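Just so you know, residue 1 is the first one in the sequence shown, and it goes up from there. Being a predicted model, the structure only gives us computed values, none of them experimental. Values reported hereafter were calculated over all heavy atoms of this structure, with side chains retained and with hydrogens, waters and symmetry mates removed.
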Amino acid sequence: MNFGDALAALKAGKRVCRAGWNGKGLWLELQRPDANSKMTLPYVYLNYPEDSQHTPGARVPWLASQTDMLAEDWDVA
């Protein structure tokens, strides 16, 4: 998939990842704030797997690089 397909999948509630990422098992999700959220707009975050050596289960905000936006190796996680 390309980045546009990955973004559409995120908006549909799916998780996405790239085959070319160095960290295996990473995936992205879209967070849509609710009434209890401090954030007011949707945002994308990166998830680390529970078995990650240094950051098990961590979630961090994510920004797409030019390489990510031009990649053709996106997939549904």
I'd like a table of donor-acceptor pairs (distance under 3.5 Å, sequence neighbours excluded) in which one partner is a side-chain atom from residues 43-60, with atom names and distances.
residue : atom : partner : partner atom : Å
Asn47   : OD1  : Arg59   : NE           : 3.2
Asn47   : ND2  : Glu29   : OE2          : 3.1
Ser52   : OG   : Thr55   : OG1          : 3.3

What donor-acceptor contacts under 3.5 angstrom involve side-chain atoms of residues 4-15, with partners at least two apart or in another chain?
residue : atom : partner : partner atom : Å
Asp5    : OD2  : Asn2    : N            : 3.4

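At least one side-chain heavy atom of Leu30 sits less than 4.5 Å from a side-chain heavy atom of Pro42.
The stretch residues 31-44 participates, sequence neighbours left out, in no salt bridge (charged side-chain N to carboxylate O under 4.0 Å, His left out) pair at all. Within the structure, salt bridge (charged side-chain N to carboxylate O under 4.0 Å, His left out) contacts touching residues 60-77 (residues at least two apart or in different chains) are Arg18-Asp68, Arg18-Asp73.
If you chain together ILVMFWY residues whose side-chain heavy atoms come under 4.5 Å of each other, Leu41 ends up in a group of its own.
Connection of Trp62 to Val16 is established within a shared hydrophobic cluster, with ILVMFWY side chains joined at heavy-atom distances below 4.5 Å, either directly or through further cluster members.
For Trp74, the ring pair (Phe, Tyr, Trp, His ring centres under 6.0 Å) partners are Phe3, Trp21, not counting sequence neighbours.
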